[in-house]
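First the structure, in the form of structure tokens, and then the observations on it.
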Amino acid sequence: MIKILFFAQTRELVGVPSLTLEIEAITIADLINHLSLKGDNWQYALKEKQPLCAVNKQLVDESYIIQIGDEVAFFPPVTGG
């Protein structure tokens, strides 16, 4: 199981703050493709808006392979406080 967190505009676009998935090891790109199948707003938030991605609080690129137990976070490149 992996936990996925969404922050700021990404959370607003997908409509949920977090979710968990039972999946095997996959890349961030595969995860984005999988989540984009949930609807147009998901595709817009995760593909067109190109959010940053962190795994266990470390920035990663789309080739990073997620492991079971990881925490994945998506957030916009610029956030305000």
Side-chain angles (χ1 to χ4, degrees):
M1 177 171 42
I2 64 169
K3 183 173 185 176
I4 306 167
L5 305 171
F6 304 98
F7 293 98
Q9 184 184 37
T10 305
R11 178 178 56 209
E12 293 171 10
L13 289 168
V14 300
V16 296
S18 66
L19 59 88
T20 56
L21 289 179
E22 294 285 342
I23 57 172
E24 298 295 321
I26 63 171
T27 65
I28 294 295
D30 291 337
L31 177 63
I32 290 171
N33 288 333
H34 175 79
L35 293 173
S36 293
L37 296 175
K38 294 174 79 69
D40 290 344
N41 56 331
W42 288 79
Q43 182 170 348
Y44 179 71
L46 298 174
K47 286 191 169 183
E48 294 180 37
K49 297 297 282 185
Q50 299 180 336
L52 296 175
C53 183
V55 175
N56 301 326
K57 301 181 182 175
Q58 297 290 320
L59 285 176
V60 297
D61 64 26
E62 290 189 354
S63 66
Y64 184 89
I65 299 174
I66 305 164
Q67 302 297 318
I68 294 171
D70 281 347
E71 180 182 84
V72 180
F74 290 101
F75 51 94
V78 177
T79 60

Worksheet item: Is there a path from Val60 to Leu5 through hydrophobic residues (I, L, V, M, F, W, Y) whose side chains come within less than 4.5 Å of each other?
Response: no
Discussion item. Ignoring hydrogens, what is the shortest heavy-atom contact between Met1 and Thr20? Give both atom names and the distance.
Written reply: SD-CB, 3.7 Å
Worksheet item: Quick one: do Ile26 and Ile32 end up in the same hydrophobic cluster if we chain Ile, Leu, Val, Met, Phe, Trp and Tyr together by side-chain heavy atoms under 4.5 Å apart?
Response: yes
Worksheet item: Cluster question for you: counting only ILVMFWY and a side-chain heavy-atom cut-off of under 4.5 Å, with indirect links fine, are Phe7 and Leu19 together?
Response: no
Worksheet, complete the sentence: Heavy-atom nearest pair, Pro51 first then Pro77, reads CA-CD, 4.4 Å
Practice prompt. Measure the spacing between CG of Asn41 and NZ of Lys49 and express it to the nearest 0.5 Å.
Written response: 13.5 Å
Worksheet item: In this structure, are over 12 heavy atoms from other groups packed under 6.0 Å from Lys47 atom NZ?
Response: yes
Worksheet item: Can you say whether the rings of Phe74 and Phe6 are parallel (under 30°), tilted (30 to 60°) or perpendicular (over 60°)?
Response: parallel
Worksheet item: Do Glu62 and Thr27 come within less than 4.5 Å of each other through their side chains, counting heavy atoms only?
Response: no
Fill in: Validation row: Gln67, Ile2 side chains within 4.5 angstrom (heavy atoms)
no
Fill in: Asp61 side chain vs Ser63 backbone, donor-acceptor pair below 3.5 Å
yes
Item to complete: For Val72 and Cys53, work out which heavy atoms get closest and say how close.
Response: CG1-SG, 3.7 Å
Worksheet item: Is any side-chain heavy atom of Ile4 less than 4.5 Å from a side-chain heavy atom of Leu35?
Response: yes
Worksheet item: Is there side-chain contact between Ile28 and Val55, with heavy atoms separated by less than 4.5 Å?
Response: yes
Worksheet item: Taking all atoms of both residues into account, what is the closest heavy-atom pair of Ile23 and Leu31, and its distance?
Response: CD1-CD1, 4.5 Å
Fill in: From Leu13 atom CG to Asp40 atom CG, the distance as rounded to the nearest 0.5 Å
12.0 Å
Worksheet item: Given side chains that start at C-beta, do those of Val16 and Trp42 come closer than 4.5 Å, heavy atoms only?
Response: yes
Worksheet item: Which value, rounded to the nearest 0.5 Å, describes the distance between Phe75 atom CZ and Leu52 atom CG?
Response: 4.5 Å
